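The next block holds one structure in the form of structure tokens; read it before the comments.
The basis for the numbers below is simple: all heavy atoms, side chains too, and nothing from hydrogens, waters or symmetry mates. Convention: sequence-line order gives letters A, B, ...; per-chain numbering from 1. Note that this is a predicted model, so its numbers are computed, not measured.
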Number of protein chains: 2
Amino acid sequence: MATFEQAEYEARIARTKAEMAARGLDALVVTDVANMHWLTGYDGWSFYTPQCVVIGQELEQPLWIGRGIDVNGARVTTFLKPEHIHPYPDDYVQTPLKHPMGWAGQVLEGYGLGGKRIGVETDSYYFSPRALGALQGALPNASFQDADLLVNWLRIVKSPAEIALMQQAGEIMDLVMSTAIESIDPGVRQCDAAAAIYRAAVSGTPEFGGDYPAIVPMLPTGLGTSTPHLTWSDAPFRSGEATILELAGCRLRYHCPQARTLFLGSPPQRLAEAAKWVVEGIEAALAAARPGATAEAVERAWRETVARGGLLKESRIGYSCGLNYPPDWGEHTLSLRPGDTTELKPDMTIHLIPGIWQDDWGIEISECFRVIERGAEPFCTTPRELIVKR
Amino acid sequence: MATFEQAEYEARIARTKAEMAARGLDALVVTDVANMHWLTGYDGWSFYTPQCVVIGQELEQPLWIGRGIDVNGARVTTFLKPEHIHPYPDDYVQTPLKHPMGWAGQVLEGYGLGGKRIGVETDSYYFSPRALGALQGALPNASFQDADLLVNWLRIVKSPAEIALMQQAGEIMDLVMSTAIESIDPGVRQCDAAAAIYRAAVSGTPEFGGDYPAIVPMLPTGLGTSTPHLTWSDAPFRSGEATILELAGCRLRYHCPQARTLFLGSPPQRLAEAAKWVVEGIEAALAAARPGATAEAVERAWRETVARGGLLKESRIGYSCGLNYPPDWGEHTLSLRPGDTTELKPDMTIHLIPGIWQDDWGIEISECFRVIERGAEPFCTTPRELIVKR
């Protein structure tokens, strides 16, 4: 039931081992949920208790270590042999008395990794200071090394099978955005629009179903458009107000996000003017995005364009995007911002989202695109403009 | 726009300061998202970048420290004065060059906390080893102390306003479960049932809307019922198979979860028999749950009852539940299991979920209840039984 062919996982593991070797690592303890999935296929909402996948240079297969009640999930969703699946007892769960990562350390010891060089992901979600302390405490003779984002960077160029999933996510995204636009009208409760958006995202198309996006629908409205990460309330949408829609389609954990701004009524000149410049800036950025261009060059193309319209944005305008779990669909590698000299390569996938937030208003229009030989290919088809419903 | 009256937040902060004083703490860096919300009202899907609330014994109000683009969210959702809201610049976001918690350390230094005793939540989600290291690096003269779950334990008894929200969540839960039962039939795709469930949960009732549950709908079916944390696929439900529904209603971040098991067709004797014992065990546990009883006594009442039916469960059968954000609706305090001697008090709220998972099948039936003077009061009304659709 794993998402990809076993050969694809084996190639990913081989690339991981090569990077580990380059850094002198004997083992890598992978706690980033997306990285665990990418390496083994493991899937399940079990990341609220500690779990990890361990790659060892000398190990034939990765090890899966997690809670006992999730063992059957590991059997069902991965290609791992049963002897590589190691459950910890339930009395390790959420207790001050002991920690599952201490138990994981004992498993590593059992594989002869007790005195070895071990990489850990020091800034991954769901790997706490206490978890690291428990692992280190159980392996006093190991030497630990920060290997944060080691696997994330290997994931940045997508395989053909991954691109196919993102294209399906793009199809779902088009459905989700058209549903959102249809749902929002004066007097409609925000929660009812969010409900319709969720339904479209999860149901997907008649050919393939949707998965849960790593971020919930964000739809700040009115004054709320001055900030990007509000969700929804019971209050109705109102005529004469804007709503920012930051949404995603998701297919088997692969995301295509997109943002649009919707105005109910006749938009103020300020907003219409900003939209014109944001769209022009996006087009300049997309035109600059091609193999060999740097991430910062793409941002510069945007910035120089919108500066002509008097717009300034201090935060990054995009990031590598695709496979992930809550709380983020970004991949924490490439960022479109000054100083990021990562060179674009074919089949990188990037969410270009130059949101503008001012004191009492804001606008977001975005595109998720794939780098192809001749430039940038957006995954979606929704018109790139301020959406106006009069 | 904060959920509760300011006086309620002030009382919570006072209780937190009292507990900090008892532990000799001058300041507490709160990174648990639910704790941040409980103390200040802060709400938003911004926890994918580092953020915290700081309680200082000498500070008039908490400090909010987070990403610049989320400042307006802090202004809109909290009662904090603008001078207590401290945004970090966007070039701190997701970069190996520097870390937002290093910036947070500088803010604490500016408030004279540089040489003080500072509590941190060492096992909270979204507080990584690198984050702690950056905070400590910026405050070399501070002494750090583990204050994990300090605030969580203060949250375990709910206020009348919190109970009211959980009762609303219970009303939503009843709607969600009836929607799930209606939606699942042979031939229906799992994703379409999940979509209908989401819609019901988020839309809520005509009187009040729903919020996003901290865990997505879990609906393992067929062989998948042997493990609790699978979500859904495109495959259709099939006659002759069971589906476990572990769902929640959520109202303004307060959850009422519930599980039921649904069988399409005529259930095997084994499952019907197990259901009978599970229900009897739940009733015994509910009868044992009253002020003054210990958490382990509630578990014992369950265990001794189902043992008569030959059932054995090694994992905990419940936990404190209410306010939370992804990835968990549990509160990480009380667990219904041997060794937990926490005494139940009125207005504790507990999810009693004695799931049974065997090699190739499983069953879950659960109740979320409030401890009241005379015993346990479930929030929901869905019949407590194996649901059979023939």
Side-chain angles (χ1 to χ4, degrees), chain A residues 44-48 68-73 76 90-91 93-94 122-132 148 189-192 194-196 198-199 202-204 208-210 212 215-216 218 223-224 226-231 233-234 314-316 319 326-328 330 332 335 337 355 357, chain B residues 44-48 68-73 76 90-91 93-94 122-132 148 189-192 194-196 198-199 202-204 208-210 212 215-216 218 223-224 226-231 233-234 314-316 319 326-328 330 332 335 337 355 357:
Chain A
W45 191 284
S46 56
F47 39 91
Y48 69 92
I69 64 174
D70 294 316
V71 156
N72 283 338
V76 168
D90 210 69
D91 60 355
V93 173
Q94 295 176 0
T122 60
D123 207 25
S124 76
Y125 303 121
Y126 315 126
F127 185 57
S128 70
R130 189 171 163 228
L132 176 57
D148 196 44
R189 296 188 307 174
Q190 295 173 32
C191 57
D192 292 325
Y198 256 126
R199 182 180 207 166
V202 171
S203 193
F208 46 83
Y212 59 89
I215 303 180
V216 298
M218 293 192 286
L223 255 182
S226 63
T227 187
H229 296 132
L230 296 181
T231 51
S233 76
D234 300 357
E314 288 181 5
S315 49
R316 65 179 183 168
Y319 46 79
D328 197 5
H332 298 202
S335 285
R337 64 180 161 199
W357 303 283
Chain B
W45 192 283
S46 57
F47 40 89
Y48 68 93
I69 63 174
D70 295 314
V71 157
N72 283 337
V76 168
D90 210 70
D91 60 355
V93 173
Q94 295 175 0
T122 60
D123 207 24
S124 77
Y125 303 121
Y126 316 127
F127 186 56
S128 69
R130 190 171 161 228
L132 176 58
D148 197 44
R189 296 189 307 173
Q190 295 173 30
C191 57
D192 292 325
Y198 255 126
R199 183 181 208 168
V202 171
S203 194
F208 46 84
Y212 58 90
I215 302 180
V216 298
M218 294 192 289
L223 253 183
S226 63
T227 186
H229 296 130
L230 296 181
T231 51
S233 76
D234 301 358
E314 288 180 6
S315 49
R316 64 177 184 170
Y319 45 80
D328 197 5
H332 297 204
S335 286
R337 64 179 160 199
W357 303 282

Do you know which of [options] has the most heavy-atom pairs with chain B at a distance under 4.5 angstrom?
| options | result |
| --- | --- |
| Tyr125(A), Tyr319(A), Trp357(A) | Tyr125(A) |
| Asn72(A), Leu230(A), Leu223(A) | Asn72(A) |
| Val93(A), Thr231(A), Val216(A), Val76(A) | Val216(A) |
| Asp148(A), Asp192(A), Val202(A) | Val202(A) |

Quiz item: Does a donor on one side chain sit under 3.5 Å from an acceptor on the other, for Asp328(B) and Gln94(A)?
Solution: yes
Measure distances from [X] to the heavy atoms of chain B and classify the residue's part below 4.5 Å as side chain, backbone, both or neither.
| X | result |
| --- | --- |
| Asp90(A) | both |
| Trp45(A) | both |
| Leu132(A) | side chain |
| Arg189(A) | side chain |
| Ser124(A) | backbone |

Quiz item: Would Arg316(B) and Asp91(A) count as a side-chain contact (heavy atoms from CB on, under 4.5 Å) if you check the C-alpha gap in whole Å, the side-chain angles of each, and the deciding distance to 0.1 Å?
Solution: CA-CA 8 Å; Arg316(B) 64 177 184 170; Asp91(A) 60 355; over 6 Å; no
Grab the two heavy atoms, one from [X] and one from [Y], that are nearest each other, plus how far apart they are.
| X | Y | result |
| --- | --- | --- |
| Ser128(A) | Pro129(B) | O-CG, 3.7 Å |
| Ser203(B) | Cys191(A) | O-SG, 3.7 Å |
| Asp234(B) | Phe208(A) | OD2-CA, 3.6 Å |
| Asp70(B) | His229(A) | OD1-ND1, 2.5 Å |

How long is the span from the [atom1] atom in [X] to the [atom2] atom in [Y], to the nearest 0.5 Å?
| X | Y | atom1 | atom2 | result |
| --- | --- | --- | --- | --- |
| Asp123(A) | Arg130(B) | CG | CZ | 5.0 Å |
| Ile69(B) | Ser226(A) | CD1 | OG | 11.5 Å |
| Met218(B) | Ser46(A) | CE | OG | 9.5 Å |
| Tyr198(B) | Tyr212(A) | OH | OH | 8.0 Å |

Self-check item: Heavy-atom pair count under 4.5 Å with chain A, highest-scoring of Pro327(B), Gly210(B), Gly209(B)
Solution: Pro327(B)
Practice problem: Count the heavy-atom pairs under 4.5 Å between each of Pro326(B), Pro228(B), Gly68(B) and chain A, then report the option with the highest count. | Solution: Pro228(B)
Quiz item: In this structure, which one of Phe47(B), Tyr126(B), Phe127(B) forms a ring-ring contact (aromatic ring centres under 6.0 Å, His included) with Tyr126(A)?
Solution: Tyr126(B)
